[in-house]
Amino acid sequence: MTLIQDLESRLAAAFHSVLGESVTAPVVAATDLRFGDYQSNAAMALAKQRKTNPRALAEQVIAALDLSGLGTADIAGPGFINFRISPETFAARAKAQLADPRLGVPLTGQPKTIVVDFSAPNVAKPMHIGHIRSTIIGAALASIARFLGHRVITDNHIGDWGTQFGMVTWAWKQCLDEEALLANPLQELLRLYRHASDLSKADDAVREACRQELVKLQQGDEENFEIWQRCIELSRAGLDKIYDRLDVSFDHWLGESSYDAALAPLVDRLLAEGLARESDGAVCIFSNGDPADPAKDPFLTRKDGEWTDFPMIVRKSDGAFNYSTTDIATVEFRRKEWNADAAWYVVDHRQSQHFQQLFAVAGRLDCAGMDLRHISFGTILGTDGKPLKTRAGDLPQLDDVLDEAVAAATTAVAERSRVETDQERADLAELIGISAVKFTELAHHRLSDYVFDLEKMLALHGDTAPYIQNSVVRCRSIFRKLDEEVDLASVNPLLAEDAEIHLARYLARYGEVLPTILDDHRPNLLTAYLLELARAYHSFFEACPVLKAEIPVRNSRLVLCELTIRVLVHGLGLLGIRCPERM
RNA sequence: GCACCCGUAGCUCAGUUGGAUAGAGCACCCGCCUUCUAAGCGGGCGGUCACUGGUUCGAAUCCAGUCGGGUGUGCCA
């Protein structure tokens, strides 16, 4: 049980004895430590409902409140109830947390089967900087949900059956450079894609030819299928390399092509059941009048002063299926085969309209009970405040960005690091460079656009991954210099100094912070917490010598050190970030 | 036109169901390494939370409107 849970149940009991009925009395971490450790505003809210005096109610509740073994409570202002946790309580918490493999984090009361759909790059194109948000946020949310006790299935729904394959296939037949393909497969595939893409923008005949190549592929043409297969193999190897580097993996790689066989029957069924109909040669799903407000209807749009149809196209007039078709087939598969209760789509905000339609369609099918979420995110900007691009006007490739980050980290390591061998320095630079990129990504609110600034990301100080990693490294250094075995499990910590109490206070919050992340799918709540904890540790480190302290105090401090390492390493681990031994 | 997202310190960003004097980091200024890793610590400077109304004991947060920015808007994904 977390401190908040403990306080809430005791507070609820006190309210019950005063009011004679059950009420919920939320407790939150205090907004300002001057007021205490935790606070509840419940007396004000409940007094308002009952039209009584909030302060008087709070006083009655406090009189009835049993906080034995926790701390004290008092009333402030119009009726805030402030809780002050005793150092002894924090000490006991630290001891228990150290003995708990879950570090004080409760399991969810309602475990669900959740499919997390993230990353999902288009095959035949190298991953670019835009893929990093989905990949990093998705991986973090998946591992957090899993740790909290959900059954999580991660699925890389790669784009391997869409229009870009028509383009690549067309260009492959026109101008494939076999030598270049062997030397650098992804670059050659990208060249082919760009070649076709550029030409088809200017030339309708090329555009049509590309479309036809896709139709042939989807209809089982042997030559096109062979080309497709080779593209997939080559691309997959390139993608694996990047995922290794990012330390990201998936339970499944069920791309669009996995659903190929389901597409035609799906469209037939939609037609037969009257859920879709033909329009301009395409098969489309239209509004069914729900919701009644046309502004909220994802199948309507306003044009020339009238609400007009904005259908979801499930079969194009050329006969090919598209993204919408595979997505409907995919959600049905996840429901039926995996028995999923929920699916989280970690995809950028520009596709929100698509997901509104998809979710509405799922509701009309057998997926009605599923909790479908579009976990959208904003755009990555350059330092000029505009969407990040290379000089050529494309998005920078992810591998190049990671290389740049590692190069910057290499310089920093050369200047600062205490590690000795070249190999250690190279490993450390790779770790720090990539950690910094990942952490920066996770530290932002996912919905806001953010400026991608390598220099700040790899800063030697400030709110960055290295700041947290450094606190772990400093902490580990103490244990390295400790010249005896200490049985930390048997230590009963004593907390006297402010810095010790403050550190223990933040350690106790780990189990309170983690579950809140899933309320709105916000990994940045965890980065903020870890930064606070690292800050508390650095302050403690300066103020409270460990090895020089007398035995009982020293052992207390060792408990705090060990627990800090565990929480920081665990928290960073959930975010997909490792800690070095030294730096 | 319509829909969605955003507007907080010079810069980059936090701010959990509405809470108390709105917080970090960077930059700038002043201190701290013969003592466990200075990628650190302590202190200072810095904001009319875009604007206007409303809801109430209380609003950066909720509602309405205005201004500014971004994104999407029938066969791309």
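Proteins get letters first, then strands, A, B, ... in listed order; numbering begins at 1 in each.
- Dashed line: the shortest gap from a side-chain N or O of A:Arg535 to OP1 or OP2 of B:G40 is not under 4.0 Å.
- Backbone-only engagement by A:Asn322 is indicated by non-hydrogen atom pairs under 4.0 Å involving sugar-phosphate atoms exclusively.
- Of the listed residues (A:Ile328, A:Thr325, A:Asp327, A:Val283), just one forms a side-chain contact (heavy atoms from CB on, under 4.5 Å) with A:Met312, and that residue is A:Ile328.
- Listed by first residue number, the stems of RNA chain B with at least three Watson-Crick or G-U pairs below 3.5 Å are B:1-7 with B:67-73, B:10-13 with B:23-26, B:28-32 with B:40-44, B:50-54 with B:62-66.
- Checked by atom type and distance alone, the side chain of A:Asp297 pairs as donor or acceptor with a backbone atom of A:Phe299 at under 3.5 Å.
- One finds a side-chain N or O of A:Ser539 lying less than 4.0 angstrom from the OP1 or OP2 phosphate oxygen of B:G42.
- Going from the C1' atom of B:C76 to that of B:G68 covers 30 Å, rounded to whole Å.
- A straight line from CD of A:Gln49 to C1' of B:U56 spans 14 Å, rounded to a whole angstrom.
- Residue A:Asp293 contributes atom CG, which lies 14 Å from atom C1' of B:C4 at whole-angstrom precision.
- In this structure, A:Asp463 pairs ionically with A:Arg535, as a charged nitrogen and a carboxylate oxygen lie closer than 4.0 Å.
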Stepwise side-chain hydrogen bond (donor to acceptor under 3.5 Å, both in side chains) test for A:Tyr38 and A:Glu8: CA-CA 10 Å; A:Tyr38 295 93; A:Glu8 281 180 344; over 6 Å; no

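- Using a 4.0 Å heavy-atom distance criterion, A:Ala282 is classed as a base contact.
- Note on A:Glu415: nothing from the nucleic acid sits closer than 4.0 angstrom, heavy atoms only.
- Side-chain nitrogen and oxygen atoms of A:Tyr467 include at least one within less than 4.0 Å of the OP1 or OP2 phosphate oxygen of B:C41.
- Under a 3.5 Å cut-off, the side chain of A:His128 and the backbone N or O of A:Gly130 do form a donor-acceptor pair.
- Looking at A:Gln39, its side chain comes within 3.5 Å of the base of B:A20 through a donor and an acceptor atom.
- Distances shown here put a side-chain N or O of A:Thr31 below 4.0 Å from the OP1 or OP2 atom of B:A20.
- Among the atoms of the strands shown, none is found under 4.0 Å from any heavy atom of A:Gly77.
- When A:Ile434, A:Ile432, A:Leu428 are each tested for a side-chain contact (heavy atoms from CB on, under 4.5 Å) with A:Glu430, only one passes: A:Ile434.
- A straight line from CZ of A:Phe439 to P of B:A39 spans 18 Å, rounded to a whole angstrom.
- Counting any heavy atom pair closer than 4.0 Å across all strands shown, A:Val28 reaches a base atom.
- The P atoms of B:G72 and B:G18 are separated by 32 Å, rounded to the nearest whole Å.
- Taking the six-membered ring for Trp and the full ring otherwise, A:His502 and A:Phe540 have centroids separated by 6.0 Å or more.
- When the C1' atom is used for both B:U55 and B:U61, the distance is 14 Å, rounded to whole Å.
- For an aromatic pair to be called close, the ring centres must be under 6.0 Å apart, and A:Tyr450 with A:Phe377 fails this.
- Judged by distance alone, the side chains of A:Glu424 and A:Thr421 do bring a donor and an acceptor atom under 3.5 Å apart.
- For B:C6, the base is anti relative to its sugar; the glycosidic angle deviates from 0 by more than 90°.
- Just one of A:Phe355, A:Phe359, A:Tyr345, A:Phe118 meets the ring pair (Phe, Tyr, Trp, His ring centres under 6.0 Å) condition when paired with A:His374; it is A:Phe355.
- Atom CG in A:Asp304 sits about 13 Å away from atom C1' in B:U73, given to the nearest Å.
- Regarding contacts with the backbone of B:A39, a side-chain N or O of A:Arg416 is found under 4.0 angstrom from either OP1 or OP2.
- The gap from the C1' atom of B:G19 to that of B:A59 amounts to 9 Å, rounded to the nearest Å.
- Among the protein residues, A:Cys284 comes within range of the nucleic acid bases, having at least one heavy atom under 4.0 Å from a base atom.
- When heavy atoms are screened at a 4.0 angstrom cut-off, A:Arg211 is found touching the sugar-phosphate backbone but no base atom.
- Taking atom P in both B:A38 and B:C33, the straight-line distance is 12 Å, to the nearest Å.
- Interface remark: the A:Ser279 side chain does form a donor-acceptor pair with the B:G74 base, using a distance-only criterion of under 3.5 Å.
- OP1 or OP2 of B:A77 has at least one side-chain nitrogen or oxygen of A:Thr163 nearer than 4.0 Å.
- Listed candidates were B:C13, B:U17, B:A39. Nearest to the side chain of A:Tyr450 is B:C13.
- Ranked by how close their nearest RNA chain B nucleotide is to the 5' end, A:Asn470 and A:Arg350 are led by A:Asn470.
- A:Leu381 places its CG atom 10 Å from the P atom of B:U12, with the value rounded to the nearest Å.
- One atom, CG of A:Leu395, and another, C1' of B:A77, lie 14 Å apart when rounded to the nearest Å.
- A:Lys296 has a side-chain polar atom (N or O) that falls below the 4.0 Å cut-off from OP1 or OP2 of B:C4.
- Where stacking is scored as ring centres under 5.5 Å apart with planes under 30°, A:Phe80 does not register as stacked on the base of B:G19.
- Side-chain to base pairing of A:Asn41 with B:G19: one donor and one acceptor N or O lie within less than 3.5 Å of each other.
- Rounded to whole angstrom, the span from the NE2 atom of A:His461 across to the C1' atom of B:A27 amounts to 10 Å.
- Base engagement by A:Arg34 is indicated by at least one non-hydrogen atom pair under 4.0 Å involving a base atom.
- Put simply, the side chain of A:Asn82 and the base of B:A20 share a donor and an acceptor less than 3.5 Å apart.
- A:Cys210 comes within 4.0 angstrom of nothing in the nucleic acid, heavy atoms only.
- Rounded to whole Å, the separation between the P atoms of B:G7 and B:U16 comes to 12 Å.
- Each of A:Asn122 and A:Met44 has a nearest nucleotide on RNA chain B; the 5'-most of these lies closest to A:Met44.
- Here B:G23 presents its C1' atom at 14 Å from CG of A:Asn524, a figure rounded to the nearest Å.
- Note on A:Asp348 versus A:Arg133: no salt bridge recorded, every NZ/NE/NH1/NH2 to OD/OE distance being 4.0 Å or above.
- B:G69 sits 14 Å from B:U8 when the P atoms are compared, rounded to a whole Å.
- Rounded to the nearest Å, the gap between the P atom of B:G40 and that of B:G25 is 10 Å.
- When the side-chain nitrogen and oxygen atoms of A:Lys316 are compared with OP1 and OP2 of B:G74, none of them lie within a distance under 4.0 Å.
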